[in-house]
Amino acid sequence: MFHNRLMGRVLALSACLLIALNAFSQKWEDVRDSEDYIYGEGWGSSVAEAERQALNNLISKIATNVTGESQSSLKTQSSNGKLDEESQFSQTVSTYSQATLTNTQQQVLKNEPDAYVVRWIKKSEIEKIFESRKRKAIDLVETAVRAERKGKVDDVLRNYYWALTLLKSLQYPNEVTYTDEDGKQHVLTNWCKEQMDDAFDDLKVVCDSREGDDIRLAITYKDKPVNSVDYKYWDGQTWSAIYSAKDGWGVLELAPGYDGAQVQLKYEYEYAGEAKIDPEVEMVLNAVKGTPMPDAYTNVYLEKKMKEKEHKARVQQMAAAGSFTTNSVEIIAQPKTLDKGASGYNAILERVVKAIKQKDYQSVRPFFTDMGWDMFTKLMQYGKGKVLDSDNIRYFDDNGSVLVRGLRMSFSFASGVRKSFVEDVVFAFNAERKIDNIAFGLGKTAEDDILHKGVWSEKSRFAIMNFLENYKTAYALKRLDYIRSIFDDDAVIITGSIVKRTNTSVENQAHLSQEGNHIIKMNRQTKDEYLKNLARCFAKNEFVNIRFSNNDVFKMGEGGESYAIQIQQDYYSSTYGDKGYLMLMVDINKPTQPLIKLRTWQPEKDPDFGLYGPGDF
């Protein structure tokens, strides 16, 4: 049975907020005549319009009050060259919207059509406005520190920059400190930028090889293949879409006829297009002047001709360098049965690669089962797909089938959110040597997180990794039938989404909770309800992409091969994005037929108990 802890927390939180509102309830006449309050007034043809006007007026007065008291260090140059401190801080305080100002009160003094609304806050409550944002900034820094250990430079740069931007909207940004693992204390406004500059310095990129206008890049971080990093480049006329490198490899797609000796590359760090996963960050990025990062730029010197021999040597060199954890390839031996039989799979894969390059897909139809062909067709429709290389192919025996890893492709989306990223595409052959399944690989570090769980059997480790790869791929390729098959009919499914707050209050609404500065809508759904909503999501989005990091796997005490998997997930689509933590309880006693018994989502770690675990249900 579903544990009542989640809904209990929401109800308790709602009750606390209601008590808090009653605690500082005041009459408008008392507020107006007291120096202990700041108030804003608003007029409009509707109550909603008057509420917006009152909120804006209140925010403006808060900005003036706080600026006058703190003499904030946030300074920008105005058009006449003088420091305009108050103007800049007013902009930052404007990011504390109605979703953030939860400790205010309002009253409708006159109804429509000539509505008059007042809104106020006690001066002693102002400091609380800034506290939750300070906690969020520190949480982003801690996430960046963890990402750096795994060579996930995209997460390093994004989280440090977002933290730095949030710090600029605090009352006393230069008083926020962070204590590193060595016990040394740092002022975050300085330390975030220093850490970003160090990351830029530790990134090295070279032109690995060239075929016409397609350039392969080799990118390292601290002399190891970078786990993940995003970048764009100047093609002579404009900046490209954002490209994502993975496990040390990236790509450039030059404009036809480009004959320059070098290309300027810029490592992505602002992630303004992805900030929709956190509406508060998105608002602050739009309002606060960014911090220049000149070290984010570098030049890539181009080769005129393909250097296949050098490329293969570099592939071997980077493979030998391993990942930022350990080299997962070494811990599972290549199957003996393929010592003499691998060439047969090689021949098929070479035909498939050639068909992708030439867009002659029908020529390889005989090498797929019906299900495999359906997946291949969806893969070829997933943006603009392009083969990068197939020089590091590995074969694994997986419970009678053969997994082929190492085919690297890029996928680009030109409309909507312009994005291009690199994926390892995994092919699974059945006993008849036909491709029966296709998945996006987890990535080297995520593989290591699972494959190095030495207390479990090799079979179990592969089953968990295959499950996660198939899970994320099913959402990308919109495989609704597969998703239906992996959820138990009685699965407990808790979904959440970030709700843009307007006039919503959490009182007496058990499906809403207050997390930081957001209203989070939490729903328990049946399997049919979840799939119906997912189908609508797939229909209205050009693409869906899921990125996993920091996965922890725990074996359940009962149920044989049953596991609880806690995963940090970034969810992106063309219309919506969020970030949070998944927990999946999955039965893999039949590795080819996994069953999800429980799926939960939460936007951030609870300050009291952290992440939901199997013991909570």
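Hydrogens, waters and symmetry mates are skipped; everything else that's a heavy atom, side chains included, is used. Remember, predicted model here, so these are calculated numbers, not experimental data.
Rounded to the nearest 0.5 angstrom, Tyr475 OH and Ile546 CD1 are separated by 6.0 Å. Note: Asp180 CG to Glu142 CD = 12.0 Å, rounded to the nearest 0.5 Å. For the atom pair Thr592 OG1 and Asn430 CG, the distance stands at 12.0 Å (nearest 0.5 Å). Rounding to the nearest 0.5 Å gives a distance of 7.0 Å between OH of Tyr221 and CG of Leu203. Atom-to-atom distance recorded for Leu582:CG and Arg599:CZ is 5.0 Å, nearest 0.5 angstrom. One distance of note links CE of Met375 with CG of Asn470; it measures 6.5 Å at 0.5 Å rounding.
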Worked check of side chain to side chain donor-acceptor pair (under 3.5 Å) between Asp230 and Ser244 = CA-CA 4 Å; Asp230 293 339; Ser244 292; 2.5 Å; yes

Could you go through the side chain to side chain donor-acceptor pair (under 3.5 Å) check for Asn227 and Asp247 one step at a time?
-> CA-CA 5 Å; Asn227 186 305; Asp247 293 338; 4.9 Å; no

Passes salt bridge (charged side-chain N to carboxylate O under 4.0 Å, His left out), Arg405 versus Glu469? Steps please.
-> CA-CA 12 Å; Arg405 296 180 177 275; Glu469 291 179 339; 2.9 Å; yes

Taking it one step at a time, do Tyr161 and Leu285 satisfy side chain to side chain contact (heavy atoms under 4.5 Å, CB included)?
-> CA-CA 10 Å; Tyr161 187 78; Leu285 285 175; 3.9 Å; yes

Pair Phe396-Phe462, ring-ring contact (aromatic ring centres under 6.0 Å, His included): steps then yes or no = CA-CA 10 Å; Phe396 301 101; Phe462 260 126; 5.7 Å; yes

How far apart are the C-alpha atoms of Tyr471 and Thr473, what are their side-chain angles, what is the distance that settles it, and do they pass the side chain to side chain contact (heavy atoms under 4.5 Å, CB included) test?
-> CA-CA 6 Å; Tyr471 181 91; Thr473 308; over 6 Å; no

Begin from the C-alpha positions of Lys378 and Asp374 and carry the test salt bridge (charged side-chain N to carboxylate O under 4.0 Å, His left out) through to its verdict.
-> CA-CA 6 Å; Lys378 286 183 168 68; Asp374 180 64; 2.9 Å; yes

For Lys246 and Asp424, what are the C-alpha separation, side-chain angles and deciding distance, and is it a side chain to side chain contact (heavy atoms under 4.5 Å, CB included)?
-> CA-CA 8 Å; Lys246 179 181 178 183; Asp424 285 323; 4.1 Å; yes

CA sep, side-chain torsions, deciding dist, call: Glu131, Lys136, salt bridge (charged side-chain N to carboxylate O under 4.0 Å, His left out) = CA-CA 9 Å; Glu131 187 60 32; Lys136 179 186 284 288; over 6 Å; no

Please report the C-alpha distance between Leu598 and Met583 in whole Å, then the side-chain angles of each, then the deciding distance to 0.1 Å, and finally whether the side chain to side chain contact (heavy atoms under 4.5 Å, CB included) criterion is met.
-> CA-CA 8 Å; Leu598 172 84; Met583 186 185 71; 2.9 Å; yes

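A donor-acceptor pair is defined here as one N or O able to donate and one able to accept, closer than 3.5 Å; no such pair exists between the side chain of Trp162 and the backbone of Val141. Side-chain atoms of Lys555 never come within 3.5 Å of backbone atoms of Ser562 as a donor-acceptor pair (strictly under, hydrogens ignored). The backbone N or O of Glu561 sits less than 3.5 Å from a side-chain atom of Asn589, completing a donor-acceptor pair. Between the side chain of Glu529 and the main chain of Lys532, no donor-acceptor pair closer than 3.5 Å is present. Although no hydrogens or angles enter the test, the distance criterion places a donor-acceptor pair under 3.5 Å between the side chain of Ser485 and the main chain of Tyr482. Judged by distance alone, with hydrogens and angles left aside, the side-chain atoms of Asp139 form no donor-acceptor pair with the main-chain N or O of Arg135 at under 3.5 Å. Under the 3.5 Å distance criterion, the side-chain polar atoms of Thr220 are left unmatched by any main-chain donor or acceptor of Pro225.
Contact of the Val426 side chain with the Met465 side chain is not registered, since no non-hydrogen atoms from C-beta on lie closer than 4.5 Å. Considering only heavy atoms from C-beta on, Lys152 comes within 4.5 Å of Ser228 through its side chain. In this structure, the side chains of Glu268 and Leu157 stay at 4.5 Å or more apart for every pair of heavy atoms. With contacts defined as side-chain heavy-atom distances shorter than 4.5 Å, the pair Ile464/Tyr563 qualifies. Val492 has its side chain within reach of Arg524: a pair of non-hydrogen atoms, C-beta onward, lies under 4.5 Å apart. A 4.5 Å side-chain heavy-atom check between Met293 and Tyr267 finds every atom pair outside the cut-off. Under the 4.5 Å side-chain criterion, counting only non-hydrogen atoms from C-beta, Val586 is in contact with Ile565. Between Trp249 and Leu217 there is no side-chain heavy-atom pair separated by less than 4.5 Å.
Between the side chains of Ser390 and Arg408, no donor N or O sits under 3.5 Å from an acceptor N or O.
Residues Phe543 and Tyr382 place their aromatic rings such that the two centres sit no closer than 6.0 Å. The distance between the ring centers of Phe487 and Tyr530 falls below 6.0 angstrom.
Residues Val284 and Arg133 come closest through the heavy atom pair CG2-NH1, 3.3 Å. Nearest heavy-atom pair, Ile588 versus Pro594, reported as atom, atom and distance to 0.1 Å: CG2-CB, 4.0 Å. Heavy atoms only, all atoms of each residue included: Ala163 and Leu140 are closest at N-CD1, 3.7 Å. Taking each heavy atom of Tyr269 and Ala296 in turn, the nearest pair found is CE2-CB, 3.7 Å. Nearest heavy-atom pair, Met371 versus Asp436, reported as atom, atom and distance to 0.1 Å: CE-O, 3.1 Å. Heavy-atom minimum distance, Lys459 versus Pro591: CE-CG, 4.0 Å.
Under the side-chain contact (heavy atoms from CB on, under 4.5 Å) rule, Phe411 has a single partner from Lys384, Lys386, Glu423, which is Glu423. For the side-chain contact (heavy atoms from CB on, under 4.5 Å) with Glu148, the lone residue among Val156, Val153, Asp155, Thr143 that qualifies is Val156.
The aromatic rings of Phe368 and Trp373 lie perpendicular to each other, with more than 60° between the two planes, well past the 30° mark. Aromatic ring pairs are classed by plane angle as parallel below 30°, tilted from 30° to 60° and perpendicular above 60°; the pair His186 and Trp191 is parallel.
When the salt bridge (Lys or Arg N to Asp or Glu O under 4.0 Å) test is applied to Lys478, no partner is found at least two apart in sequence or on another chain.
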